[in-house]
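Numbers restart at 1 for each chain; the letters A, B, ... are given by sequence-line order, proteins then strands.
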2 protein chains.
Amino acid sequence: MAANIRDVAKAAGVSVATVSKVLNGYTTVSQKTKEKVLGIVRDLDFQPNAAARSLVGQRSMTLGVYLTTGLTHPFFSNILAGMEQGLKARGYDLIYLAQLSYGSKEYNLVRHCRTRNVEGIVVFGFSHEEMNIEELIESRIPSVFIDLDVKGPRAGYVSSDNVGGIEQAVRYLHGLGHTRIGLISDLPDTYVGRLRLVGYRSGLRAAGLPYAEETVAFGDYSREQGYEAMRKLLAASRPPTAVVCCSDYGALGAIDAITEAGLSVPNDISVIGFDDLELARNVRPALTTVRQDMLSIGKRSVELLDEMIHDDEYPAPAVIFPTELIERGTCAPPKTLNS
Amino acid sequence: MAANIRDVAKAAGVSVATVSKVLNGYTTVSQKTKEKVLGIVRDLDFQPNAAARSLVGQRSMTLGVYLTTGLTHPFFSNILAGMEQGLKARGYDLIYLAQLSYGSKEYNLVRHCRTRNVEGIVVFGFSHEEMNIEELIESRIPSVFIDLDVKGPRAGYVSSDNVGGIEQAVRYLHGLGHTRIGLISDLPDTYVGRLRLVGYRSGLRAAGLPYAEETVAFGDYSREQGYEAMRKLLAASRPPTAVVCCSDYGALGAIDAITEAGLSVPNDISVIGFDDLELARNVRPALTTVRQDMLSIGKRSVELLDEMIHDDEYPAPAVIFPTELIERGTCAPPKTLNS
DNA sequence: CTGAAAGCGCTTACAG
DNA sequence: CTGAAAGCGCTTACAG
């Protein structure tokens, strides 16, 4: 079987304590001993047992990821890819704590973390109601939330600049000549939904445009809701000539509704999405959208956790990444200006 | 802090051995003692420490997932969602072993598994060259490969019916009236690529159609390669009137090339994809495609691992899930029959 | 049916 | 600079 620390100690002619010390970078080991031990470690292909380490030391070198949302969404995949980068750089392994699968009433996140000695966790959740956040905060297990403004002594969050992203989209549309710009927003009771609405109003204000309730509709992240929302906007006495959507999927639904109404994108109505998922490039016309830096969000989340783990006093992080408007094929000047 | 087994024993007035026994379902414990212990366990919210269990017993209740392919691909997300179901049902936790991030030369999968006491692993890999499969097989760590026909004493695989899926697509097209049916295949040196080519030829044979090399082009799973492959097919003296693609992304690329050539889908050329990713529904016209049951593939992989872990003699599994042709908007009878 | 004891593979004071 | 010893929280023969 695989060698253990005793085998190494024996082969090197030292005690297990000494082997442990060179493995853990203690400086109180002579250069000669260190080299000897390291050589044996290599020869025997020795890897310390993580369970034993975890049991005796405080470190399990395990981070967890908890999902209150489906993982089939590409948004998740991209963030996870970013997390991997951070994980590797800091030497952690990642464990799936749960998702819908454990989403039953009996599931207890904190207990699960303790059982596995999880040192910190990344939480994907869009609303404060979806889980028992208080219990997590009280547990003092370092936590980083994605897209949810949770703050506690050992909990923080990272997100995109939702206000700025939507604001920029509105101003871009205004720059194209649009004066009736609609919004298909997230549910207003979510963190990002609230901020995006703020960004919308501030974009309107910057453009000197009035805010009208009838140009705002709400939906979730689905194509279907985007479709329904757009139908509502289209039913107004003076429908918007451009619409900003809070997700790429919602934008696709909006385009469905526009097309169904016998209008075309971008000639009759301009559409902007949010996220810049892969599908934004695949769709025809390719979707103009507000890009989120999902890779960086994931990577930074892990780095923040590492900081919190190493420093009990590390202040609750609140990191906001800038967004970027990606111009593609779904925006054009309003028709009235063209003809 | 959290209670340990000694606290439970003390509170219940029994030994830790007894507590351990009731926790592990030993039948040699009196009903009375068992109830008493279970009551305390509940009161103290006791959860046994996984590291200690793993250290002493052989079981870590940890399965790993190893990716030689990117995890941003929706195919991965869907399989993972299926795995979750199996994980929950059998009581395992899932650890990310690695992906590109650890993909450096020094990374050693088997060593990593030993370090973390991983009991079994699911491997995503499309080619035998991408990793050191021999070492994994020799390690005798139970392994299930997705879409790769690896077999060993402790290694098996699960996949879709690639032959049947493509064959059905060809016959469907033939049923529509097509007689020149092209294939945009995977790289022929992959397991699935080989089988899909077999399915293509057998579909042709069943339809009484001849096989011609010039109606087959190869690519990977990308839209770009699908585009290039379709351009090749279009350049033939008598281009196909229908084409089956081995991925949804490839199908999108093929449609790009067809559109660019001034032709339309499905009026001029019919297109069928493979996978049935979410984008197949999002695209306009919606993509007719061969659906893979990704959820079942993921779930079964975990179940197979569990069987192998419990039974040293469990025969190497080779599970093939049926595919399903999903009719949507990219297929129609050939033009010559219409006009 | 129950418990004392050994031991899983490490790390960390502590003594030398 | 090095090593003996205790101990992390469990499980598993073994004795009773």
- Atom pair distance, as rounded to whole Å: CG in B:Asn117 and P in C:dC8: 14 Å
- Query: Does a donor on one side chain and an acceptor on the other come within less than 3.5 Å for A:His310 and A:Asp306?
  - Reply: yes
- Query: DNA chain D in dot-bracket, Watson-Crick or G-U pairs under 3.5 Å, [ ] crossing, | other strand?
  - Reply: |||.||||||||.|||
- Any donor-acceptor pair under 3.5 Å linking the side chain of A:Ser20 with the backbone of A:Val16? no
- Task: Please work out if B:Ser20 contacts a base, only the sugar-phosphate, or nothing of the nucleic acid, heavy-atom cut-off 4.0 Å.
- Result: base
- Given DNA chain C, 5'-ward residue of the pair B:Val14 and A:Asn24, judged by closest heavy atom: B:Val14
- Item | Rounded interatomic separation in angstrom, taking CZ from A:Arg59 and C1' from C:dT11 | 14 Å
- First of B:Ala17 and A:Val29 reached from the 5' end of DNA chain D, by closest nucleotide: A:Val29
- Item | Options C:dT2, D:dT11, C:dT12, nucleotide nearest the side-chain atoms of A:Tyr26 | C:dT12
- Note on the structure: Per nearest nucleotide of DNA chain C, the residue lying toward the 5' end, B:Thr27 or B:Val16, is B:Thr27
- Contact class for B:Ser30 (heavy atom, under 4.0 Å): base, sugar-phosphate, or nothing? sugar-phosphate
- Item | Salt bridge flag under 4.0 Å for residues B:Arg90 and B:Glu307 | yes
- Query: In whole angstrom, what separates A:Arg114's CZ from D:dC10's P?
  - Reply: 13 Å
- Round to the nearest Å and state the distance from B:Lys21 atom NZ to D:dG9 atom P. 21 Å
- Query: With distance as the sole criterion, is a donor-acceptor pair present between the side chains of A:Glu278 and A:Asn78 under 3.5 Å?
  - Reply: no
- Query: Between C:dG3, C:dT11, D:dC10, which nucleotide gets closest to the side-chain atoms of A:Val56?
  - Reply: C:dT11
- Any sub-3.5 Å donor-acceptor pair from A:Glu119's side-chain atoms to A:Met61's backbone N or O? yes
- Message: Rounded at 0.5 Å granularity, tell me how far CG in B:Leu44 sits from NZ in B:Lys10.
- Response: 11.5 Å
- Any residue meeting side chain to side chain contact (heavy atoms under 4.5 Å, CB included) with A:Ser296, in chain and number order, not counting sequence neighbours: A:Asp293, A:Phe321
- Task: State whether A:Thr33 places a side-chain N or O below 4.0 Å from either non-bridging phosphate oxygen (OP1 or OP2) of D:dT2.
- Result: yes
- Should A:Asn49 be listed as having a side-chain N or O under 4.0 Å from OP1 or OP2 of C:dG9? no
- Message: So if I take every side-chain heavy atom of A:Leu55 and compare against C:dT11, C:dG9, D:dT12, which nucleotide ends up nearest?
- Response: C:dG9
